[in-house]
Amino acid sequence: MSTAASSGAPVPGGHGGADVAVAAERRWAIVVGLIIAAIVAMMIVTGLHWSAMPPSRVETVDVRTLHLAGEFVESNLGSALEADGRAVVRVVAQQYSFEPPCIVVPAGMPVTFRATSTDAIHGFVVGTTNANTMLVPGFVATFTTTFPRAGEHLMPCHEYCGTGHEAMWARVQVLPRDEFVALARRSPRISCVAR
Ligand code: CUA
C-alpha cells in the first residue's frame, strides 16, 4: 500500500508549508537585492560626487631596496617640476611618518602624486580634497589631482597601521602656482620641512 505523500495526494501541512517557505525566500531575495542595489548606487554616486580616483595601475617597487637606489631614495622625495612641466610629488610612508612630513604643491595646475610604503599598509587623504589613496608595500600608488586654492591642509594616515597610527600625519602647503614654479626652478626637490 502506497503512502499519501508518494501518491501525490495532499498532505496536511506539506505542500502548503513549502509554498510559504518559497514565498518567504523570495521576499528575502527581493529585500537583499534592493539593499545591494542601494549600496552599489551609493558607491557610484559618492564616487562620482567626490571624483574618487581608483587605485593606480599595478606598478611595483622593491621595498628592500627602494631607500638605496631609484625614485624613492630620500634625496629624491618631495615636490619637483619635471622637464615636461608636470608637478610631481614623491612620498614614502613608514611607521609612523611620511617623508617629507611637509609637502608643497602648486594651486591651479595638475599635481601627480607617486607614493609607496616601506612596511605596513598606510594611506592618506589631503584635507577635504579628493587626494586620497592607500599605500601598499611593494606597490606605487599614483594619482593626479588639482588643488583649486592656495592654503594649508592636514594629511593624516587613514589606514590603521599600528599603535602610532593616530600620530601619523603630514602637512600640505598649497602655494600659488607662480610661487611654486619659482621655488621649484631654484631647487630640484622642494618641501616645507624646516632644515
Ligand atoms: Cu600609517 Cu596609519
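Atom set for the values below is all heavy atoms of this structure, side chains included, hydrogens, waters and symmetry mates excluded. As the structure lists them, so they are numbered: ligands from 1, and atoms in each ligand from 1. Remember, predicted model here, so these are calculated numbers, not experimental data. One is the number of the first residue; the rest follow in order along the sequence.
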Would you say Phe98 and Ile103 make side-chain contact, with heavy atoms under 4.5 Å?
no

In the shown structure, where waters are left out, how many protein N, O or S atoms lie under 2.8 Å from atom 2 (Cu) of ligand 1?
4

Run the side chain to side chain contact (heavy atoms under 4.5 Å, CB included) check on Phe124 and Thr133 step by step: do they pass?
CA-CA 6 Å; Phe124 67 77; Thr133 190; 3.9 Å; yes

Geometric class of the Phe113/Phe147 ring pair [parallel <30°, tilted 30-60°, perpendicular >60°]
perpendicular

Is the side chain of Gln173 donor-acceptor paired with the backbone N or O of Cys102 at a distance under 3.5 Å, no angle test?
no

Show which residues join Met109 in its hydrophobic cluster (side-chain heavy-atom contacts under 4.5 Å, direct or indirect), or state none.
Leu81, Val104, Leu175, Phe180, Val181, Leu183, Ile190

Is Arg189 reaching over with its side chain to a backbone N or O of Asn76, donor-acceptor style, under 3.5 angstrom?
yes

